[in-house]
Amino acid sequence: MRLEINQVGKQYERNRWALNEINLQLVPGIIGLLGPNGAGKSTLMRILATISKPTKGTALWNGIDIAKHPNELRSTLGYLPQDFGVYPHLNPVEFLQYIAALKGLNVRYMKSRILDLLELLNLHGAIKRPIGSFSGGMRQRIGIAQALLNDPRLLIIDEPTVGLDPEERIRFRNLLTDLSGERIIIFSTHIVSDIEATADQIAILSQGNLLAKSNPSQLLSRMQGKVWSVVISEQELQDARSRWMISGTIRHEDGMLLRIVSDIPPLPHAAQVSPSLEDAYLYIRSAQEEGVG
Amino acid sequence: MKALRTIYHIARADFLERVRQFSFLVILGLNMLAAYFFVPPSDAGYVTLYMDEYRGIYNSAWVGGSVAISTTLFLTLFGFYLVKSSIQRDDRNKVGPIIAATPVEKLHYLLGKACSNYTVLFTIVSVIMLMSLTMQLVRGEVMQVELWPLLSPFLLLTLPFMFVVAALAVLFESLKVLRGMLGNVIFFILFIGFSSSSSLFGFGTDVITSDMRNKLALLHPDYSGDYGSGILILDKPLKLFEWNGVDWTSGLILQQLLLIPAAFVFVVLAALLFRGFRGSSFSAGSGGDAAVKRQSVNISDDTVTATTTSASASSTESERTMLRATSLAPVQLQNSIVPLIRAELRLMMKSVSLGWFVIAAILAVLCLVLPFTVSMNWIWAMTWIWPIVLWSEMGSREVRFRTHTLVASSPRFVSRQLLAVWIAGLMLTGLTGSGMLIRLLLEGDTETLIYWLSAVIFIPSLALAAGVLTHTKRTFEVLYMILWYLGPFNKMPLLNFLGGESSSWVKGTLYILISIGFLLITFQARRRLAQNG
């Protein structure tokens, strides 16, 4: 099982590339796409989900071009779009049965899987309620359930944790980890901790470009010696913001405790701390911005 | 002053939102085309206004008067369906909750919407006015253009009526029960009732037609007093007479302008009945999303530990999840399209209440038990107007409910899903018309049976094409009601899909061919959309 993304680009307007020559080779496991809003994550995912076609380049699913032969992938694809709707008059079982029928699954045989999925996603208490009465988080979980209906080999989930409460997010991360194995899971987020907890590969996108692709430990090791902790007075905060890349602040009894990403010690009394993926993300992004600037 | 400014800005935003869509240009184009057909050449074989065996010579007065009458009738029906979406648009665009949180008064909000509705209709009438001037010159029976006789029927008949249409649209939207298709059907019945009894009120289009008839009676005392408006087929050419327009007395003008305060009363009534957006289904449950999107920045090494602890704290949960995730029931594929047809049919039926089915069943039974002519002329129409709410969703449901990305990522969705929707629509048409089918079989009326069959194919094909091509259910709703008005009710030969002069085999085949054409266009459009992403 292999998904090869070769030189994929997407142009929406003249002179504006939403994606620019993305190259990725994916094998079973979880890859997290990280990037700010407008980085091109959803565009890439739409291409991989066969909803959109690349302007250039190819995406090959087990060697087959998915733009030319989308049905080869669709039968084994699970896709949760970032912005999706539901039929408000249906209850969750009816909605999932409808999606199962669309995916060409045996609907009668699917009933037990649908009920399992609803229980797994903590929706079993609402199976008789119309989806129109659901909260945003519950609708999101319906979206996750529909993506898992056909036991997909390729699971593409765009911002899956949006709308989930902290407990549901942890549950979802666990579910994602359990599901990895003989499938490729691609999920996008701008929440670093979601990736930190689940992904074994991370791809960082910004302004349509792939900035980095690595596993979390490699990214963290690259950041060793580049993250500092320092306490400054509150009055110095504005100045510090303009001088250094600050990845976090905490109000402290002695002043402000800053977490600074920098190649060199920002201040003589700064202490080195262990890097996080968020530090790495900010570092890579800032390096790109400096490059562009 | 502040209130006026509020109303102005509500109307302005709504109007701009409408006219900046390509569909508005299409609507203007269609209305120009309609205005063209409202002034047919003498050998066209049809007229839009006649007085027994006469029609007026195409001078400014007659062109203005006859086009204003046709426009008033046409826009009262079509215009109502066209503009009856301003409040729903705010709901659909999720602006409703924002408006609900502002101090704007309901009356001001609804007046703004009514003004926007009116401005849309005014724009259309203005275009038709220009077209009527052009048409007088194009037909060339009288080349001298007189502006007041040409424009006064629009200014004093059509435009005051549009105030009422704009206000009624707001009133219907304000009441939940009238907001949907039931409201559309009720308005259609009201329209048919009003347009067929205008002469009884001495009001509406009768203001002009009575003047025309009086003038004709003076010129030709043998004139029987009969007249007709709409699309009327002629079996022989009409004689001409000269009519120079209505003498708009102050009393008559006042009578026409009374429609404006009447429209205002409708908006006030709407404000009393409108419950606002607070109970909107669109606003429910969306408030918490933004908060969850935000993520605090980790500050120290301790935070990672905290996350780990948090995860560990739910380890029991995790174990349960792991067990469940790995023991989900397996998946079985099925090539048959039958489950998808069943699912589409269920989806279609789920959008209506039990009451809808009860009425559909009653109509089917009435087709069986009432006298044959009553069933043919009235009940059959109702059985096939009643399901319009279900047909209109065909092809546009995915866009309306934003499920198109889910549908588009399923295997062979173009062929499988569209076919399933169409078959579901076919079944719905057959089921709702089943009472009439049995009646026709019992009566042995094979001629009409062929029309029944071709309509069963035609209606869902038209619905699907309209939905897929325009992404909105309104297109079919408007087209279908106009088709009923011009075809089965006004007996316009080509548009009467339930009967007519020509052989049923020929016409039935024609409608089936048109249906196939619609289907081919529909599949092609969906395929192109899929290819272009």
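Below, read A as the first sequence line, B as the second, and so on, with proteins coming before strands; counting in each chain starts at 1. Quick caveat, the model's predicted, so the values are computed rather than measured.
- Ranked by heavy-atom pairs under 4.5 Å with chain B, the first of A/Y98, A/Y79, A/F84, A/F95 is A/Y98.
- Side chain to side chain, A/K103 and A/S75 fail the donor-acceptor criterion of an N or O pair below 3.5 Å.
- When heavy atoms are compared at a cutoff of 4.5 Å, A/L102 approaches chain B by way of both its backbone and its side chain.
- Interface residue A/Q146: only side-chain heavy atoms are found under 4.5 Å from chain B.
- Both the backbone and the side chain of A/S112 have a heavy atom closer than 4.5 Å to some heavy atom of chain B.
- Among A/I246, A/T177, A/N106, A/D83, the residue making the largest number of heavy-atom pairs under 4.5 Å with chain B is A/N106.
- Listed options B/S410, B/S351, B/A343 were ranked by heavy-atom pairs under 4.5 angstrom with chain A; first place goes to B/S410.
- In this structure, the side chain of B/E344 does not engage the main chain of B/Q417 through any donor-acceptor pair within 3.5 Å.
- Between B/W386 and B/W356, the ring-plane angle classifies as parallel under the 30° and 60° cut-offs.
- Contact annotation: the side chain of A/I185 never approaches that of A/L154 to less than 4.5 Å [non-hydrogen atoms, C-beta and beyond].
- Considering only heavy atoms from C-beta on, A/I156 stays 4.5 Å or farther from A/L80 through its side chain.
- Salt-bridge check for A/R46 with A/D158: failed, with every basic side-chain N at 4.0 Å or more from each acidic carboxylate O.
- The residues B/R526 and B/E398 are annotated as salt-bridged, a charged nitrogen and a carboxylate oxygen being separated by less than 4.0 angstrom.
- A/L105 touches chain B through backbone and side chain together, each having a heavy atom under 4.5 Å away.
- Residue contact with chain B, scored on non-hydrogen atoms closer than 4.5 Å, is absent for A/I114.
- Between chain A and the options B/L333, B/V407, B/L347, the largest number of non-hydrogen pairs under 4.5 Å is found for B/L347.
- The candidate with the highest count of non-hydrogen atom pairs below 4.5 Å against chain B, out of A/A49, A/P88, A/A67, A/P70, is A/P88.
- Inspection of the A/Q82 and A/S42 side chains reveals an N or O donor paired with an N or O acceptor under 3.5 Å.
- For B/R412, the parts lying near chain A are the backbone and the side chain together; criterion is any non-hydrogen pair under 4.5 Å.
- Both the backbone and the side chain of B/R397 come within less than 4.5 Å of a heavy atom of chain A.
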